[in-house]
*Asks:* 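Quick one: the structure is below, and I'll ask about it shortly.
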Amino acid sequence: MPELPEVEIAARNLRRWAAGHRVRGTESDPRAARVFRPAAARVLARLRGARVDEVRRVGKNLLLTLTPGRRGGPKLGVWSHLGMTGQWVRRRAGDPPLPARRLSLALDDGARLDYVDMRMFGRFRLVPGARFDQVPDLAALGPDPLNDGVDPGRLFERLKRARLPIKVALLDQKLLAGIGNIQASEALFRARIDPRRPARSLSRPEVRRLATAIRASLEFTLRSFAKIGADGGDADIAYVEENAPNPFRVYGRAGARCPRCKAADVVRIVQAQRSTFFCPSCQK
DNA sequence: ACCCGTGTTCGCTG
DNA sequence: TCAGCGAACACGGG
């Protein structure tokens with residue numbers, strides 16, 4: 001389910017659920033071997049007895065720092081990426097596992113944190129010494145729009161050398177970390193920029209608009225997800241619920257009247273094998 | 001059966 | 001060396 005806003009909710013949940021707690025027991029789904037590195041058995045062994053100290057989010061990545069069970073050892077890092085269908089859910093110790101549960105962490109407070117991931121594009125990896133900066137894929141990430149802000153000058157310099165359509169360029173995690181297929185369409189709609197334009201064709205004022213739109217869209221989506229989860233107090237929420245209304249302006253709305261100019265219908269096109277939604281009338 | 005899906009990586013090409 | 005492209009991964013739903 002994850003682009004930056006969903007992963008941010010997941011980070012807040014994990015913080016609330018796990019920070020300061022020890023892992024008592026572990027279990028994994030043998031079919032999910034591809035999710036783990038090193039092999040699941042070694043991951044589980046290292047986690048047992050460890051205490052979760054910190055949960056961070058960078059782009060779509062969750063970074064956990066733990067203190068290992070054996071005293072005096074170096075910190076233990078966990079890099080969790082949710083792929084397309086990954087979720088962290090909290091269960092009670094005796095609850096039966098949900099379908100597609102790939103990993104369970106039983107905590108010292110009687111709760112269980114389960115990683116559920118139908119398609120298994122997600123990843124759960126140990127990072128020795130919690131040295132996340134030593135992991136090439138993490139080190140290569142661009143700035144995180146919410147944690148670091150979006151610098152329009154830097155964005156312009158980066159985009160002016162790319163021939164790719166701007167929509168496709170925005171999906172590159174080395175440009176900005178956390179924008180996915182939904183947020184790319186949403187940000188370009190807010191900035192009134194045609195997603196098919198070569199990235200290098202954007203003017204400075206357009207890039208400035210885009211930088212603002214990216215933050216606005218991410219923050220709006222985050223607020224709407226947090227609201228969905230807000231019912232019931234101890235919100236276990238995090239993810240778009242089936243019945244929840246589509247919180248997006250254009251994504252998934254092909255054929256609907258443009259909510260801004262109302263002069264045309266939202267259209268769906270395919271770019272880099274992914275759907276793009278936009279208004280052909282007010283996105284120039 | 002076919003197409004679609006909030007992500008990423010790999011191998012090939014020019 | 002590198003930007004860009006398409007296939008691949010895996011599974012369920014319409």
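So you know, we letter chains A, B, ... as the sequences are listed, proteins then strands, and number each from 1.
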*Asks:* Is the number of heavy atoms from other residues, nucleotides or ligands within 6.0 Å of CZ (A:R154) greater than 12?
*Replies:*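 Yes, the 6.0 Å shell around CZ holds more than 12 heavy atoms from other groups.
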*Asks:* In this structure, how many angstroms lie between the C1' atom of B:dT9 and the CH2 atom of A:W79, rounded?
*Replies:* 11 Å
*Asks:* Just checking A:Q173: base, sugar-phosphate only, or nothing, at a heavy-atom cut-off of under 4.0 Å?
*Replies:*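 Sugar-phosphate: the residue A:Q173, judged by heavy atoms under 4.0 Å, touches backbone atoms but no base.
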*Asks:* Please report the distance separating the C1' of C:dG4 from the corresponding atom of B:dT6, rounded so that it comes out in whole Å.
*Replies:* 23 Å
*Asks:* For the backbone of A:L188 and the side chain of A:Q283, can you confirm whether one donor and one acceptor N or O come within less than 3.5 Å of each other?
*Replies:* yes
*Asks:* Using a 3.5 Å limit for the pairing distances, which stems of at least 3 consecutive Watson-Crick or G-U wobble pairs does DNA chain C take part in?
*Replies:*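 If one scans DNA chain C for consecutive Watson-Crick or G-U pairs, the stems found are B:2-5 with C:11-14, B:7-14 with C:2-9.
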*Asks:* Roughly how many Å is it from CG in A:L82 to P in B:dT8, rounded to a whole number?
*Replies:* 10 Å
*Asks:* Take the protein atom NZ of A:K174 and the nucleotide atom C1' of B:dT9, then report the distance between them rounded to whole Å.
*Replies:* 10 Å
*Asks:* Just the rounded figure in Å: distance from C1' of B:dC4 to CG of A:N181.
*Replies:*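 Computing the A:N181:CG to B:dC4:C1' distance gives 12 Å.
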*Asks:* Would you check if the side chain of A:D53 reaches a backbone N or O of A:A19 as a donor-acceptor pair within less than 3.5 Å?
*Replies:* no
*Asks:* Could you check whether any side-chain N or O of A:D194 sits under 3.5 Å from a backbone N or O of A:I166, counting only pairs where one atom can act as donor and the other as acceptor?
*Replies:* no
*Asks:* Just by modelled atom types, is the A:G59 backbone N or O under 3.5 Å from a matching donor or acceptor in the A:D144 side chain?
*Replies:* yes
*Asks:* Do A:R119 and A:T85 pass the side-chain hydrogen bond (donor to acceptor under 3.5 Å, both in side chains) test, and can you show the C-alpha distance, the side-chain angles, and the key distance before you say yes or no?
*Replies:* CA-CA 6 Å; A:R119 291 172 71 181; A:T85 54; 5.6 Å; no
*Asks:* Is the shortest side-chain N/O distance from A:R274 to OP1 or OP2 of B:dG7 below 4.0 Å?
*Replies:* yes
*Asks:* Counting only side-chain N and O atoms of A:H81, is one of them less than 4.0 Å from OP1 or OP2 of B:dT8?
*Replies:* yes
*Asks:* In whole Å, I'd like the distance from the CZ atom of A:R123 to the P atom of B:dT9.
*Replies:*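 Atom-to-atom, A:R123 to B:dT9, this comes out as 8 Å.
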*Asks:* Is there a donor-acceptor contact under 3.5 Å linking the side chains of A:R215 and A:T212?
*Replies:*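 Not at all, the side chains of A:R215 and A:T212 share no donor-acceptor pair under 3.5 Å.
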*Asks:* Checking all strands, does A:R163 fall into the base, sugar-phosphate, or nothing category for heavy-atom contacts under 4.0 angstrom?
*Replies:*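 The residue A:R163 makes sugar-phosphate contact but no base contact.
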*Asks:* Only one of A:R102, A:R101, A:R34 passes salt bridge (charged side-chain N to carboxylate O under 4.0 Å, His left out) with A:D29; say which it is.
*Replies:* A:R102
*Asks:* Between A:W88 and A:F124, how do the two ring planes meet: parallel, tilted or perpendicular, split at 30° and 60°?
*Replies:*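 Geometry flag for A:F124 against A:W88: tilted rings.
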*Asks:* Roughly how many Å is it from CZ in A:R253 to P in B:dT6, rounded to a whole number?
*Replies:* 16 Å
*Asks:* P atom, B:dC3 versus C:dA8: distance in rounded Å?
*Replies:*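 The same atom, P, in both gives a distance of 15 Å.
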*Asks:* Could you state the atom-to-atom distance from CZ of A:R268 to P of B:dG5 in whole Å?
*Replies:* 5 Å
*Asks:* Indicate whether OP1 or OP2 belonging to B:dT6 is found under 4.0 Å from a side-chain N or O atom of A:K60.
*Replies:* no
*Asks:* Taking the same atom, P, in B:dC2 and in C:dA7, what whole-Å distance lies between them?
*Replies:* 16 Å
*Asks:* Between which nucleotides of DNA chain C, read 5' to 3', does contact with chain A run, using atoms under 4.0 Å from its heavy atoms?
*Replies:*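 From 5' to 3', the first and last contacting nucleotides are C:dG4 to C:dG12.
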*Asks:* Heavy-atom nearest nucleotide on DNA chain C for A:A162 versus A:Q273: which residue maps closer to 5'?
*Replies:*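 Nearest nucleotide further toward 5': that of A:A162.
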*Asks:* If we take the P atom in both C:dA10 and B:dG11, what is their distance in whole Å?
*Replies:* 16 Å
*Asks:* Touch check for A:L164, heavy atoms < 4.0 angstrom, all strands: base, sugar-phosphate only, or nothing?
*Replies:* sugar-phosphate
*Asks:* Are the side chain of A:N61 and the backbone N or O of A:V58 linked by a donor-acceptor pair below 3.5 Å?
*Replies:* yes
